[in-house]
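Only this structure's heavy atoms are used, side chains among them; waters, hydrogens and symmetry mates stay out. Letters A, B, ... are given to chains in the order of the sequence lines, protein chains preceding strands, and every chain is numbered from 1.
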2 protein chains.
Amino acid sequence: MTTVLVVDDEAALLHALVINLRARDFKVEAAATGRAALEKVARVRPDIVILDLGLPDMDGIEVLAGIRGWSDIPVLVLSARSTSEEKVRALENGADDYITKPFDMAELVARVRAATRRSAMRTAGITDPIVTTEAFVIDRSAATVTRDGKVVRLTPTEWHILDVLAANRGKLVSQQQLLTQVWGPGFERQGNYLRVHMAALRRKLEPEASRPQYLITEPGLGYRLV
Amino acid sequence: MTTVLVVDDEAALLHALVINLRARDFKVEAAATGRAALEKVARVRPDIVILDLGLPDMDGIEVLAGIRGWSDIPVLVLSARSTSEEKVRALENGADDYITKPFDMAELVARVRAATRRSAMRTAGITDPIVTTEAFVIDRSAATVTRDGKVVRLTPTEWHILDVLAANRGKLVSQQQLLTQVWGPGFERQGNYLRVHMAALRRKLEPEASRPQYLITEPGLGYRLV
DNA sequence: ACGAGTCTTAACGGCTTCTATACGAGCCGT
DNA sequence: ACGGCTCGTATAGAAGCCGTTAAGACTCGT
C-alpha cells in the first residue's frame, strides 16, 4: 500500500487530509513540524510527502532541501501563497507539484496518485522476476529457463504455459485459466492441447519426465508449479 | 537537449509558448490538432508534451489516452476549465500535471522542468549509457556502435532498434514492443519490418551473420541482446 | 532535378512448431 | 473387478514463423 507523509501544523487541515487519504486506501503518517517531518521521512520511508510550506520551526523550502539531500521521493508542496515566484522557487528546489490553499480534496488526491504512479514506474522494472526451483530457474523478464547452467530451448507455447505457471508459483492454475491465458478466449474445451504441451515441458525440464516433481498435475482441476 | 511538443489550436498562445520555451533552451515542436499531435509524438519522440485540452478535432482526453496507450512520456495538460472534476479526469487518465488558463509563464516552465527532471531520473539510474558485448560496444548517449575499434555506420531505424534492445539488454523484447517503440503505435502487425532490419543489423554487427550470437531471436516472442 | 542512401513491400524456401487424432495407463466409485 | 473418466504419450500432416533477397518508393542534400 502507498504510504503518505502529511506535514502540516494546522491541526484541522492535517486532520482533514489524514481522514480523506485514509478513506482512499492510503497509509498515512503525520508530522506537524519540519524537524518531525525530516525525522519521519528517514524512518518511515513514505512513498510520497505532502508538505505545507508554512511550518513553525523552519522554512518549508529548507525541509524540502533536507529531503532532496538524500532522497528522490515525490514531494507535493502545499501553500497559501499563490505568487508565481513562490511556486517557481519550490518547483526548482525539487518539489514535484505545488498546490495553493484553499484546494479541492479530490484534486489533491488525484495529484498524489499521479505523482506516486510516476515514481512507481521507476522502481517497477528493478527487481527481476526470477522464479527458482531446485531443478531449473525461470527468468520471466528474459523469457529463459536455465537447467544445470544451460539455457533450455522452449517453443512459444511452452514458454507461455510455463510463464503463467511461474506467475502463480505454488498456486493451482485451472485448465481453463491456462487455456484462455495462452490460447485466448474460446479454447476452454481444448484440454488436450495442455496435455500435449505439458508433456513436452516435462520432457525438457523434469529430471524424470514420467515422475513429475515440479510441474504437478492436479487431476480434474489444473496444474501447479512448485 | 530537452524536446517539448506544444499542442494548442490558438495561434497566439501557441506562439507565446514556443517563443518562451525556445528562450529557455528547449527544443520545441508544435501541433495544432489532436491528430497532428499524436502523429508528432510518434515521429519526433519529445521528452514532454504540453497539451491543451480544447482542440478542434478531438477530445483532449482522447489524445492523452492515445499517447498513454503506448508511451510513458510526461504530459502536462493545459485547460481553461478549472473545475476539480476536469482536473481529476485528466490526472486519472495519465496526465502528469494540470494547469488552468490563464497561467503564469514562469510557473509553467518550472512545472515543465519538474516533470522532465523526474522522468529523466527514471532512465538515468537504471540503464547504463554504454552497453558492451564481446563483439561490439554500444554508446547510447553518443548513438554510436564500435566494432574492432571502428565505428559502424547504422541507419536511423537500425540504430533505433538496437537502442531499444540495448536498453533492455539480456531481457526479451517482444516484437510488439519493438514495433511500437521504433515505428510508433499502429505498426504492431508489421513483423516483417523487424525481420528485414534485424538482418541488416546482424550483417553489420555479428561476426557470423548467419549464426547470430548477440542479436538473438526468440521465435514467436521477440528479440534479445546478450 | 538528380542521385545516394534508406525504407517499404512482397515473395519464397527452410525449418520449427502446432494441431488433431488415436491409444494406453492410471484412478475412482460402484 | 469393472466401466468411465481423465491424463500422458506418440505421430503425421498442416500451419506458422523466420531469414533472405530484390525491386520500387521515398527522403534528403547537392
Side-chain angles (χ1 to χ4, degrees), chain A residues 143 145 151-163 165 172-176 178-184 186-225, chain B residues 39 42-44 143 145 151-165 172-176 178-184 186-224:
Chain A
V145 191
V151 171
V152 182
R153 273 187 54 91
L154 294 187
T155 72
T157 25
E158 283 162 19
W159 168 254
H160 259 112
I161 293 174
L162 188 65
D163 190 44
L165 288 174
L172 174 90
V173 186
S174 77
Q175 299 201 18
Q176 301 199 352
L178 272 169
L179 285 164
T180 48
Q181 296 260 347
V182 176
W183 278 271
F187 285 76
E188 292 82 2
R189 297 285 152 87
Q190 309 292 313
N192 44 333
Y193 289 10
L194 272 181
R195 291 206 289 280
V196 169
H197 290 286
M198 286 298 300
L201 265 177
R202 296 208 248 244
R203 228 174 290 132
K204 293 182 179 177
L205 297 180
E206 291 277 359
E208 279 185 283
S210 53
R211 251 184 301 283
Q213 295 180 260
Y214 306 101
L215 298 160
I216 308 294
T217 143
E218 215 67 65
L221 302 172
Y223 294 86
R224 180 205 314 272
L225 173 71
Chain B
E39 189 270 331
R43 192 161 48 79
V44 178
V145 193
V151 172
V152 182
R153 271 186 53 90
L154 294 186
T155 71
T157 334
E158 285 160 17
W159 168 254
H160 216 129
I161 293 174
L162 188 65
D163 189 44
V164 175
L165 289 174
L172 178 100
V173 186
S174 77
Q175 301 200 19
Q176 300 198 353
L178 271 170
L179 286 164
T180 49
Q181 295 282 323
V182 176
W183 277 271
F187 286 77
E188 292 82 1
R189 297 285 152 88
Q190 307 293 311
N192 44 332
Y193 288 15
L194 277 179
R195 291 207 291 278
V196 169
H197 290 285
M198 286 299 300
L201 265 177
R202 294 207 248 244
R203 231 173 288 132
K204 293 183 180 178
L205 297 180
E206 291 276 0
E208 278 185 283
S210 53
R211 249 185 300 283
Q213 294 180 259
Y214 306 101
L215 298 161
I216 308 293
T217 147
E218 210 68 62
L221 301 174
Y223 293 86
R224 176 207 340 252

Completion exercise
Contact check, residues 193-215 of chain A vs DNA chain C, heavy-atom distance under 4.0 Å, returns A:Tyr193, A:Val196, A:His197
Handout entry: Partner set under side-chain contact (heavy atoms from CB on, under 4.5 Å) for B:Glu39, not counting sequence neighbours
Key = B:Arg43
Practice task
Rounded off to whole Å, could you give me the CG-to-P distance for the B:Asn192 and C:dC7 pair?
Solution key: 15 Å
Exercise for the section: Could you pull out all residues at least two apart from A:Val173 that satisfy side-chain contact (heavy atoms from CB on, under 4.5 Å)? Expected result: A:Val164, A:Leu165, A:Asn168, A:Gln177, A:Leu178
Exercise for the section: Mark yes or no for whether B:Glu188, through its side chain, and B:Gly186, through its backbone, hold a donor-acceptor pair below 3.5 Å. Expected result: yes
Please tabulate, one pair per line, each protein N/O and nucleotide N/O from nucleotides 24-30 of chain C that are separated by under 3.5 Å, including the distance.
none

Exercise for the section: Classify the nucleic acid contact of B:Tyr223 as base, sugar-phosphate or nothing, counting any heavy atom under 4.0 Å across all strands shown. Expected result: sugar-phosphate
Handout entry: Length of the CD1-P vector between A:Ile161 and D:dG8, whole Å
Key = 12 Å
Handout entry: Residues in salt bridge (charged side-chain N to carboxylate O under 4.0 Å, His left out) contact with A:Glu218, at least two apart in sequence or another chain
Key = A:Arg224
Completion exercise
Residue set satisfying ring-ring contact (aromatic ring centres under 6.0 Å, His included) with A:His160, at least two apart, ordered chain then number -> none
Practice task
Would you indicate whether A:Gln176, at its atom CD, is surrounded by more than 12 heavy atoms from other residues, nucleotides or ligands within a distance under 6.0 Å?
Solution key: no
Handout entry: Rounded interatomic separation in angstrom, taking CG from B:Leu179 and P from C:dT9
Key = 13 Å
Exercise for the section: Determine: side-chain N/O of A:Gln175 to OP1/OP2 of D:dC7, distance under 4.0 Å, yes or no. Expected result: yes
Handout entry: Sugar-phosphate only, base, or nothing, as touched by A:Trp183 at under 4.0 Å among non-hydrogen atoms
Key = sugar-phosphate
Fill in the blank from the handout: Between B:Gln190 and B:Leu154, whichever has its closest DNA chain C nucleotide further toward 5' is B:Leu154
Problem - Between D:dC17 (C1') and B:Glu218 (CD): distance, integer Å - result: 13 Å
Exercise for the section: From the options C:dT16, D:dG19, C:dC7, select the nucleotide whose nearest atom is closest to the side chain of B:Thr217. Expected result: D:dG19
Name every donor-acceptor pair, under 3.5 Å, that has one atom in a side chain of residues 200-212 of chain B and the other anywhere in the protein, sequence neighbours excluded.
residue  : atom : partner  : partner atom : Å
B:Arg202 : NH1  : B:Leu215 : O            : 2.4
B:Lys204 : NZ   : B:Arg153 : O            : 3.1
B:Lys204 : NZ   : B:Glu158 : OE1          : 2.8
B:Glu206 : OE1  : B:Gln213 : N            : 2.8
B:Glu206 : OE2  : B:Gln213 : N            : 3.1
B:Glu206 : OE2  : B:Tyr214 : N            : 2.7
B:Glu206 : OE2  : B:Leu215 : N            : 2.8
B:Glu208 : OE2  : B:Arg211 : NH2          : 3.2

Completion exercise
Hits for ring-ring contact (aromatic ring centres under 6.0 Å, His included) against A:Tyr193, two or more places apart or cross-chain, chain-then-number order -> A:Trp183
Problem - B:Asp163 side, atom CG; B:Thr157 side, atom OG1 - distance, nearest 0.5 Å - result: 12.5 Å
Completion exercise
Ranking B:Glu158 and B:Pro219 by the position along DNA chain C of their nearest nucleotide, the one closer to 5' is B:Glu158
